[in-house]
Amino acid sequence: MNAFDRLAPYIQDFIYASKWTELREIQVAACRAVFDTDDNLLLSSGTASGKTEAAFLPVLTELYHHPASSVGVLYISPLKALINDQFKRLNDLLLESGLPVCKWHGDASAAEKNRMLKHPRGILQITPESLQSLLIRKRGACLKLFGDLRFVIIDEVHYFMRDVRGVQVLCLLERLQRLTGNVPRRIGLSATLGDVEAAEDWLNSGTPRRCSAPVSDPGRRTVKLLVQRFEKKNAGPAAFPPGGGAPLDDGDRRHFEYLYRMTLGKKTIVFANSREEIEFVMANLRQIALKNKTPDVYRVHHGNVSGVLREQAEDEMKTSGEKIVTGATVTLELGIDIGSLDQVVQIGAPATVSSFAQRLGRCGRRGQIPQILFTFVDDVHAAASDPLGPINWSFLRTVAIIELYTKKRWIEPLSPGGYPYSLLYHQTMSHLLSAGEATPGRLARDVLSLTCFRRIPPADYRLLLRHLLSIGQLQKLENGGLIIGPAGEKVVGDYRFLAVFRVPEYYLVKDESRAIGTVDKIYPPGMRFALAGRTWETVEVSQKAKVIFVKLVPGVSTVDWDVDFNADLHTTLVRKMKNILQCDDSYPYLSASCRDRLEGMRRLARNSGILTRPVTKLSQNKYAVFPWVGTRQLFTLHFLLLKRGIKSRIPWRTSVYLEAVFSGGAPEAAETLESAVRGIPACDADLFDLPLPDKVQIKNKYNEFIPPELLKKQFVHDFLDLDGLKRALRNED
């Protein structure tokens, strides 16, 4: 019997009504895995490839033939917007099923939640934070809600795998299993996975099951690519943008005019790596449109724009007859359905290959050829103190990312850390918040035994508990039990406790009664700033309510948020950048200006020696060390050199080299550095003996409650990478 014939009758009717001509390869494979095995299931394929339907068609069929006596499917998403989008997509499919679909997050209806609590069945769509809240505040209700749970569908697996939020999801699922005595099957969905085996291990964590990961061959796809550059002049009078505002460099002005022409009459997402940049870009596009008397089709979509305005932009992108142009950051990388796009524009280099793959996947739906335009404004400088200044590393990274993904389909592998102490604190406090009291031994059994904490020894947990007692986060009773202490009550009593990611202190921006979005600093009355692609002037500030009342004004302004770009480069990506400088390959997607720029950088790189020698002299006292390794390995080298008394620094977070400084211009400096670097593959260093800063740590929300020695341990184990550095220096990577 084929896959279609095995589906529930109402699903077959839905497929006929939707005029599908056939099931896609990944949907057939998913049906086989769900119907014929008891495995977990990992579905990894491009955006708009039918993954969501691949998961739900066989799962709903199983519930049709074998109804669950509680919620049958738990769908976990990283974003409320994704839940809302999937809710709309599933609604038609479920009309005939008789199964309710309940959204469960902060913006969802309380009446809808209460109905689900009274009569638990169907599908529950939820964020990790709301699931955390359920396990803390409605532990008893969870037994009724999930007692016969059959499937857990985790959307955007790659998104969860890359940080502590994914570890939280795995902890919650394992706690739910212990509470109900039921181990539902897990189905993971992702468009961008660099290491499928690692994703399988992640998905299986805390379950006795194996994982099926059917491979679908998408075949070779034609992709239209163009990379265009604009050079900053830094000379002569600067032009003022239409409508007023800060003066523009000629390169910026030509860039915005080019973007205006290239997006005119084309449904487009314009991506940038920061909210500041995308606000500035979209405001300038709107002003040019105003000058040219063309429609205002410009929208902005990022985490600080109000949910109402973001949803409005999504709806307009999907249904409007006009060709909407939306500026976005990572918020539109994920699979929110906005219909077919004419193109994607990327300003500057994507943060990672994974990010590029996600953004490319936003276009090329429904048989269209994916089309992506890269633009960047190039600030060419050749200061005497920096002979490598004319090399535009961001531009090189762009070419390397394009080559790695389009030619090899390579994506950064994700490796979740083994020592998530911040989350260990969070889960300890969550457990006590739910249980009320527990002995240290019981806490260790219930919390430390979670699979995500398997590498953390009992001695570390005892150290953490003693520390939490000493700072008032915990309190010891006369009978030896532990409860949340006075200082801890302040933490767990805050609604933001449910999230394991840091939520900045935001001020709500309102135009009369309409919410525009949020900013993380006060703009006093009379000051202008940008938000949601428009310029606002502060009318009044309510410090107590944390509200900034504004009015709309013409012109272009800027806004700034206290967030740093913090992507790590992988060694494979850095090595590809080196290869691009070494070879004579031409890239047809580069504009003539870009090709000339690349040839100039190649000449400089070859003449400087950075491609053939590990050490290059920059000035009398300064040297560049080029091991051509990723961010984690570069930091490891930095501390290894410091151990030998050689001071160095990483010029910026995504740098590909170190700057070492020798006082007095010692003639043997280059030889000393080269000898130190070449000797690393044979060294047997103890990373705990390195001269690490006292406050060294991987940034996490609850680090302030973790003993410094544990934060150092996490940094050494989960960030530094001596083995990777050695392999790279031996040219094994």
Residues 114-122, side-chain donor-acceptor partners within the protein, below 3.5 Å, at least two apart:
{"unit_1": "Asn114", "atom_1": "ND2", "unit_2": "Ala110", "atom_2": "O", "d": "3.3"}
{"unit_1": "Arg121", "atom_1": "NH1", "unit_2": "Gly98", "atom_2": "O", "d": "3.2"}
{"unit_1": "Arg121", "atom_1": "NH2", "unit_2": "Gly98", "atom_2": "O", "d": "3.2"}

Which atom of Glu112 lies closest to which atom of Cys102, heavy atoms considered: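 Looks like OE2-CA, 3.3 Å.
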Cys452 to Leu170 - nearest heavy-atom pair and separation: SG-CB, 3.4 Å
Distance in Å, Leu465 CG paired with Leu424 CG, rounded so as to fall on 0.5 Å steps: 8.0 Å
Euclidean distance, Ile11 CD1 relative to Thr61 OG1, rounded to 0.5 Å: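 One gets 3.5 Å once the value is rounded to the nearest 0.5 Å.
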Distance only, no hydrogens: is a donor on one side chain within 3.5 Å (strictly under) of an acceptor on the other, for [X] and [Y]?
X	Y	value
Asn40	Thr207	yes
Ser354	Glu412	no
Gln475	Glu489	no
Ser449	Arg178	yes
Gln125	Ser77	no
Asp39	Ser212	yes
Gln714	Gln697	no
His158	Ser190	yes
Asp520	Tyr507	no
Tyr421	Asp460	yes
Ser133	Ser130	no

Is [Y] close to [X] at the side-chain level, that is, under 4.5 Å between some pair of heavy atoms?
X	Y	answer
Arg175	Ser430	yes
Glu200	Leu203	no
Pro214	Leu43	yes
Arg150	Pro184	no

Set of residues satisfying salt bridge (Lys or Arg N to Asp or Glu O under 4.0 Å) with respect to Arg496, sequence neighbours excluded: Asp494, Glu505
Member of Arg310, Glu311, Gln312, Glu314 meeting the side-chain hydrogen bond (donor to acceptor under 3.5 Å, both in side chains) criterion with His301: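 The option that passes is Glu314.
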Under 3.5 Å donor-acceptor, Ser306 side chain and Ala515 backbone: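 Yes: the side chain of Ser306 pairs with the backbone of Ala515.
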Close aromatic pair by centroid cut-off 6.0 Å: His467 and Phe705: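 No; Phe705 has its ring centre 6.0 Å or more from that of His467.
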Residue from Val73, Ile76, Ile123 passing side-chain contact (heavy atoms from CB on, under 4.5 Å) with Ile153: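 By the side-chain contact (heavy atoms from CB on, under 4.5 Å) criterion, Ile153 pairs with just one of Val73, Ile76, Ile123: Val73.
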Identified side-chain contact (heavy atoms from CB on, under 4.5 Å) counterpart of Val491 within the set Glu704, Gln473, Met429: Gln473
All side chain to side chain donor-acceptor pair (under 3.5 Å) counterparts of Ser434, not counting sequence neighbours: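 Here no residue qualifies.
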Leu134 and Cys142: CA distance, side-chain angles, deciding distance, side-chain contact (heavy atoms from CB on, under 4.5 Å) verdict: CA-CA 7 Å; Leu134 267 176; Cys142 284; 4.0 Å; yes
Salt bridge Arg24-Glu53, side-chain N to carboxylate O under 4.0 Å: no
